[in-house]
Amino acid sequence: MTSASAPPAAAPVHQRVAELTATLIGSWQEGYLNDRSQAVAALARLRRGAGREAGETPDLWNLIDTDALHTSAAGTRPLGEQQLACAENALHAALTLWAFHQQSRGAPMHRRHTRERPGGLGAAVRRLMPADGVDEPVRKRLVRAGTAPDLVSLTQRLRDIVALLRREDIPLDYALLAGQLYLWQWPDGPAAVRRRWGRSFHEQRRPRPASDENTTPDTDENSTSDTDKDAS
């Protein structure tokens, strides 16, 4: 007599949001860097939504494909209404911030986090600073983002940080960020995400290279294996 197999375990919602973000950006980023008109147009549309609520930009409704959030593996429950809303908000915020970051940049501004090349928000902010010290105004921007009262305010404060990263051609793992923005919207989420950003900040101790090493896209651009690392 054989026992029934257990139903497949569903991936955590924040991981699903991260994976979808990586998939969407991976396609657009490759197209943009190769000057494909469709990707260039998509980035221009996405950029206009940076710092705004998802529902405020109807132009993006048919651009951001959220079908993957509405489907479930056999034997698993579909996402609830609040889960979907938080997932869509996080996806919108991450994609539009990436588009703002990528604008007019010839290197990929979305780069997946690895232990060797930390890509979390804290690590990216740390790379804005001199190797032998802390730029206090820049550090305060990260702290201010972490204490935002709501997601819209957080996205606007992140946009200010992204502007600095863009100026210095410092990439960010937007899939990782999307997953964190999902978690941020739940009780105790902001505190947990702040801790991750703090660990990421202290993890990045290496000085910035003299020549940017990000001119070649990573081969694991759409990998999700490092998405849930606490160090990010």
Using every non-hydrogen atom in the two residues, find where Arg157 and Pro149 come nearest and quote the distance to one decimal.
NH2-CD, 4.0 Å
Do Gln102 and Leu33 have side chains that get closer than 4.5 Å, going by heavy atoms?
yes
Test side-chain hydrogen bond (donor to acceptor under 3.5 Å, both in side chains) applied to Arg139 - qualifying residues, sequence neighbours left out:
Glu136
Okay, side chain of His110, backbone of Tyr174: is any donor-acceptor separation there less than 3.5 Å?
yes
Side chain to side chain, Pro118 and His113, heavy atoms closer than 4.5 Å:
yes
If you define the side chain from C-beta out and look only at heavy atoms, does anything of Arg195 sit under 4.5 Å from Arg199?
yes
Cluster question for you: counting only ILVMFWY and a side-chain heavy-atom cut-off of under 4.5 Å, with indirect links fine, are Val152 and Trp184 together?
no
Answer yes or no: is there a side-chain heavy-atom contact under 4.5 Å between Trp197 and Leu177?
yes
Is there a chain of hydrophobic side chains (I, L, V, M, F, W, Y, each step under 4.5 Å between heavy atoms) that links Ile170 to Val138?
yes
Does atom CZ of Arg144 have more than 12 heavy-atom neighbours, drawn from other residues, nucleotides or ligands, at distances under 6.0 Å?
no
N-O pairing of Arg105 and Asp169 below 4.0 Å
yes
Any side-chain heavy-atom pair from Thr96 and Leu60 closer than 4.5 angstrom?
yes
Any chance CG of Asn34 has more than 12 other-residue heavy atoms, nucleotides or ligands included, within less than 6.0 Å?
yes
At their closest point, which heavy atom of Arg111 faces which heavy atom of Arg117, and how far apart are they?
NH1-NH2, 3.2 Å
